[in-house]
Amino acid sequence: MLLVRDTRCPEIDFNRTWSEYSHGFGYKGANHWLGLEHIHNILQDHPNYKLQVFIAYGNPASFAFGFYHGFYVHNITDNYRVSSVSFLDQTAFPIGDSLTNGNYSINGRPFSTYDRDYSNNDCPGRFGSGWWFLDDPVCSRANVNGRRSGDNFESTWHWLYNLGKRTDFNAIHLKVVRED
């Protein structure tokens, strides 16, 4: 898993430095970020992967998921720029495309953190996390690395397409899976 966020595990702060996002942080089997360097190495060695986004939300728990085909994270010299060829939402429980939809696509964007911001809009500061933020005041249509709760919507967990302004997530998982 590239990312695990789960309310059943102790919360950790995802507002981290560039170095921490590069190398990874958190607890194996609990809330963690695998590390951009590890993600790049996995995808470099095995190019036929897609990104699966899984979100559990609400009480009683519901879930939604979707896939990004052709998902790739470039190396550190390219600031871990992200690429994804297409989004597939043909699932029984669709999540909606918050990452590559129209003008809000993160395709080709470098990764940003509060100490290395490529968004030109203080997106890591406003969202309280690292991510592939847009060079636009909107920053992103998703914040999977945000806080579990808070007064500022931008800095809390959210995934705008299909799930609306929902922030009552129980779990968010990002993982790479083999293309069929």
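The aromatic rings of Tyr118 and Trp18 stand perpendicular to each other, their planes meeting at an angle above 60°, with 30° marking the opposite boundary. Using the six-membered ring where Trp is involved, Trp131 and Trp33 have ring planes that are perpendicular, over 60° apart on the 30 and 60° scheme. Under the 30°/60° scheme for interplanar angles, the aromatic rings of His158 and Phe127 are found to be tilted.
A donor-acceptor pair is defined here as one N or O able to donate and one able to accept, closer than 3.5 Å; such a pair exists between the side chain of His32 and the backbone of Ala30. The main-chain N or O of Gly130 is found under 3.5 Å from a side-chain atom of Tyr21 such that the two form a donor-acceptor pair. Here the side chain of Asp97 pairs no donor or acceptor atom with the backbone of Phe87 at under 3.5 angstrom. When atom types are taken as modelled, the side chain of Asn48 and the backbone of Arg178 share no donor-acceptor pair closer than 3.5 angstrom.
Put simply, OG on Ser129 and CG on Asp13 are 9.5 Å apart, with the number rounded to the nearest 0.5 Å. Between Leu34 atom CG and Leu174 atom CG the span is 11.0 Å, to the nearest 0.5 Å. With rounding to the nearest 0.5 angstrom, the CD1 atom of Ile106 is 12.0 Å from the CG atom of Asn101. Of the inter-residue distances, the one linking Trp132 atom CH2 with Ser112 atom OG reads 11.0 Å to the nearest 0.5 angstrom. Considering OG of Ser155 and CZ of Arg126, their distance stands at 11.0 Å, rounded to 0.5 Å. Once rounded to the nearest 0.5 Å, the distance linking CD of Gln52 with CD1 of Ile95 reads 9.0 Å.
Side-chain N/O atoms of Tyr104 and Asp136 include no donor and acceptor closer than 3.5 Å. Asn143 and Thr156 are not linked by any side-chain donor-acceptor pair at a separation below 3.5 angstrom, with hydrogens and angles left out of the test. With 3.5 Å as the limit, one finds a donor-acceptor pair spanning the side chains of Ser83 and His74. The closest side-chain donor-acceptor pair between Ser119 and Asn121, if any, does not fall under 3.5 angstrom.
A cation-pi arrangement, defined by a distance under 6.0 Å to the six-membered ring centre and an angle within 45 degrees of its axis, is present between Lys50 and Phe67. Remark: Arg5 qualifies as a cation-pi partner of Phe14 under the 6.0 Å distance and 45° angle criteria applied to the six-membered ring.
Looking only at side-chain heavy atoms (C-beta outward), Thr7 and Trp157 come within less than 4.5 Å of each other. A heavy-atom distance below 4.5 Å is found between the side chains of Leu2 and Leu51. Proximity of Leu134 to Cys139: side-chain heavy atoms (C-beta onward) are nowhere separated by under 4.5 Å. Annotation: side chain of Asn107 is not in contact with side chain of Val82 (no heavy-atom distance under 4.5 Å). In this structure the side chain of Phe169 reaches within 4.5 angstrom of the side chain of Trp159, judged on heavy atoms.
Annotation: salt bridge (charged side-chain N to carboxylate O under 4.0 Å, His left out) contacts of Asp78 (sequence neighbours excluded): Arg81. Residues that satisfy the side-chain contact (heavy atoms from CB on, under 4.5 Å) test with Ser19, not counting sequence neighbours, are Thr17, His23. Not counting sequence neighbours, the partners of His173 by the side-chain contact (heavy atoms from CB on, under 4.5 Å) test are Met1, Val4, Asp6, Phe54, Ala171. Glu37 pairs by the salt bridge (charged side-chain N to carboxylate O under 4.0 Å, His left out) definition with nothing, not counting sequence neighbours. Arg109 pairs by the salt bridge (charged side-chain N to carboxylate O under 4.0 Å, His left out) definition with nothing, not counting sequence neighbours. The salt bridge (charged side-chain N to carboxylate O under 4.0 Å, His left out) search around Arg141 returns none, not counting sequence neighbours.
Aromatic ring centres of Tyr80 and His40: separated by at least 6.0 Å.
Hydrophobic clustering (side-chain heavy atoms under 4.5 Å, transitive across Ile, Leu, Val, Met, Phe, Trp, Tyr) keeps Phe25 apart from Tyr114. Hydrophobic clustering (side-chain heavy atoms under 4.5 Å, transitive across Ile, Leu, Val, Met, Phe, Trp, Tyr) groups Ile39 together with Leu3.
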side-chain contact (heavy atoms from CB on, under 4.5 Å) assessment of Thr100 paired with Ser84: CA-CA 8 Å; Thr100 62; Ser84 179; 4.2 Å; yes

side-chain contact (heavy atoms from CB on, under 4.5 Å) assessment of Leu36 paired with Phe111: CA-CA 9 Å; Leu36 292 161; Phe111 199 85; 3.6 Å; yes

Intermediate values then yes/no, side-chain contact (heavy atoms from CB on, under 4.5 Å), Ile55 and Phe63: CA-CA 6 Å; Ile55 298 178; Phe63 63 91; over 6 Å; no

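Closest of all the heavy-atom pairs between Tyr68 and Gly96 is OH-O, 4.2 Å. For Pro94 against Ala64, the heavy-atom pair with the smallest separation is O-CB, 3.6 Å. Shown here for Ala142 and Ser140, the closest heavy-atom pair between the two residues is O-OG, 2.9 Å.
Salt bridge status for Arg147 with Glu11: absent, with no side-chain N to carboxylate O gap under 4.0 Å.
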